[in-house]
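The block underneath contains the structure these notes are about, expressed in structure tokens.
All chains are named by letter (A, B, ...) in the order of the sequence lines, taking the proteins before the strands, and each is independently numbered beginning at 1.
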Number of protein chains: 2
Amino acid sequence: MVRRTKAEALQTRAQILDAAEQVFHRKGVLSASLKDIASEAGVTRGAIYWHFKNKHDVFMAMVDRSRLPFDSLAERAEDASEPDPLGRLREFMVYLLQQAVCDPGQRRLFEIMFQKCEFSGENADLLDRQRDACRDSAGRLTRTFANAIARGQLPKNLDRVKSVTWLHSQLTGVIMNWLLDPEVLDLERAATDFVDTCLFALQHSPSLRTSPGL
Amino acid sequence: MVRRTKAEALQTRAQILDAAEQVFHRKGVLSASLKDIASEAGVTRGAIYWHFKNKHDVFMAMVDRSRLPFDSLAERAEDASEPDPLGRLREFMVYLLQQAVCDPGQRRLFEIMFQKCEFSGENADLLDRQRDACRDSAGRLTRTFANAIARGQLPKNLDRVKSVTWLHSQLTGVIMNWLLDPEVLDLERAATDFVDTCLFALQHSPSLRTSPGL
DNA sequence: GTATATACATTCAGCAATGTATGTATAGGC
DNA sequence: GCCTATACATACATTGCTGAATGTATATAC
């Protein structure tokens with residue numbers, strides 16, 4: 001091959017990331033070699049080393065590429081002027097679960113992160129970033145909860161830390177468990193019931209309140 | 001070194017598995033080499049190849065070694081003659097969560113499985129075994145639920161598949177989330193509240209029933 | 001007491017992946 | 001129309017690990 005235009009170079013970069021996603025998903029992040037990714041992308045390793053520092057750099061770029069679609073939905077839920085914060089939160093959670101089922105790219109991403117990835121060595125910083133992302137979501141949930149409490153959608157004496165942590169765990173748990181065994185349950189149908197059960201528990205479970213007697 | 005007695009050989013084997021646990025936890029399963037494990041165990045790679053076929057075999061042996069303590073507790077909950085199946089289930093879940101916090105070995109195991117392990121290539125069968133183990137637990141939960149329903153501890157029209165899947169997801173989600181960020185919450189204290197919230201939802205959430213109106 | 005299987009240590013060949021160095025043809029600025 | 005940075009491909013050296021082969025000293029069976 002020869003020198004491409006800038007637009008073509010960007011496309012090459014995207015091709016490499018697409019290929020990486022496929023290969024990471026098929027063989028696992030650590031087991032995948034740059035040779036694998038290169039041949040999947042229809043280029044040589046030289047091209048990869050031109051666009052990226054090394055495999056870890058490719059992986060990070062691939063992860064970064066796909067954090068966008070969820071943000072807008074989540075933001076609306078934590079907007080203080082939103083009259084129905086719990087409704088937005090419900091929408092968001094259902095959407096997230098259904099995306100995991102229906103969007104093959106999203107599902108692949110989840111499977112890579114949950115099953116095909118070692119958080120160690122070079123990837124140790126990825127664990128930190130996961131933790132940061134986790135705390136971000138927790139912060140959003142906390143603000144959304146505050147709005148919901150102000151509007152009487154959640155009880156005033158809800159233990160914020162406990163309930164946020166609990167709800168967040170529910171989401172990751174459902175996704176992870178379903179990915180492990182997708183056959184046992186039609187998650188797309190069950191999503192709303194799962195989410196509603198979580199919200200029901202938030203609203204009514206005494207064990208998530210600060211003062212047990214209320 | 002020289003020829004050891006059978007008892008000493010068994011101890012060597014255990015040493016290797018202990019070392020593997022440490023090294024897998026520190027470097028990740030795929031990144032760890034047999035050389036690492038050997039030097040951690042104070043033996044040479046020759047010793048490992050004597051006791052095991054390869055690294056994957058070591059890993060499998062390490063995983064198999066630690067499935068025992070939970071079984072007895074879980075079994076009591078699914079015993080049809082148990083007068084308080086939900087109470088046993090509660091005990092078991094709380095115990096499981098607290099073990100993840102307090103028992104360093106158990107925690108290490110969880111961290112290896114959740115964060116330091118790629119389920120791909122040679123480890124693909126491990127994913128199958130995870131799935132099997134998951135279905136085992138689901139089966140136990142199903143039987144326990146049946147007992148609880150028979151004894152009036154859970155509603156008659158509970159959707160078995162949905163509720164079992166949901167509860168199981170809660171457990172794995174809580175453990176996984178806490179392992180990612182142990183600082184934000186004292187899980188040992190929160191464990192009972194989390195479990196009670198889950199049980200509360202099982203008992204009262206309309207979204208887990210088969211017929212919504214009841 | 002001898003023979004043999006055992007429980008390792010040591011050595012070696014070979015591969016596969018990585019990173020780098022170099023080649024090369026073109027795009028785009030002047 | 002030339003020059004240079006760009007966007008790759010190709011070739012090479014190095015490394016680290018694996019698995020198997022071999023060595024060896026001792027339990028243990030007989």
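- Following rounding to the nearest Å, A:Asp36 (CG) and C:dA16 (C1') show an atom-to-atom distance of 11 Å.
- One interatomic measurement links the two molecules: CG of A:Leu34 to C1' of D:dT10, which rounds to 16 Å at whole-angstrom precision.
- Counting only residues at least two apart or on different chains, the ring-ring contact (aromatic ring centres under 6.0 Å, His included) pairs with a member in residues 14-37 of chain B are B:Phe24-B:Phe59.
- The CG-C1' distance, from A:Leu10 to D:dC8, rounds to 14 Å in whole Å.
- The distance from the CG atom of B:Leu97 to the OG1 atom of B:Thr192 is 9.5 Å, given to the nearest 0.5 Å.
- Between B:Lys27 atom NZ and D:dC17 atom P the separation is 7 Å, expressed in whole Å.
- With sequence neighbours excluded, the residues satisfying side-chain contact (heavy atoms from CB on, under 4.5 Å) with B:Ser163 are B:Phe145, B:Leu158, B:Leu202, B:Leu208.
- For A:Thr12 and D:dA7, the shortest distance from a side-chain N or O to OP1 or OP2 is not below 4.0 Å.
- In this structure, NZ of A:Lys6 is placed 9 Å from C1' of D:dT6, rounded to the nearest angstrom.
- Spacing between atom CD1 of A:Ile37 and atom P of C:dA17 amounts to 12 Å, rounded to whole angstrom units.
- Rounded to whole Å, atom P of D:dA7 lies 15 Å from atom CD of A:Gln15.
- Residues of residues 44-54 of chain B having a heavy atom closer than 4.0 Å to DNA chain C, listed by number: B:Thr44, B:Gly46, B:Ala47, B:Trp50, B:His51.
- Of the possible donor and acceptor atoms, one in the side chain of B:Lys55 sits under 3.5 Å from a partner among the backbone N and O of B:Val29.
- Nearest-nucleotide mapping onto DNA chain C: of A:Lys55 and B:Val43, the residue sitting toward the 5' end is B:Val43.
- Atom pair B:Lys35:NZ and D:dG19:C1' shows a separation of 16 Å (rounding to whole Å applied).
- With rounding to the nearest 0.5 angstrom, the CG atom of B:Asp103 is 8.5 Å from the CZ atom of B:Arg108.
- Checked for salt-bridge contact, B:Arg131 and B:Asp128 meet the test: a charged N lies under 4.0 Å from a carboxylate O.
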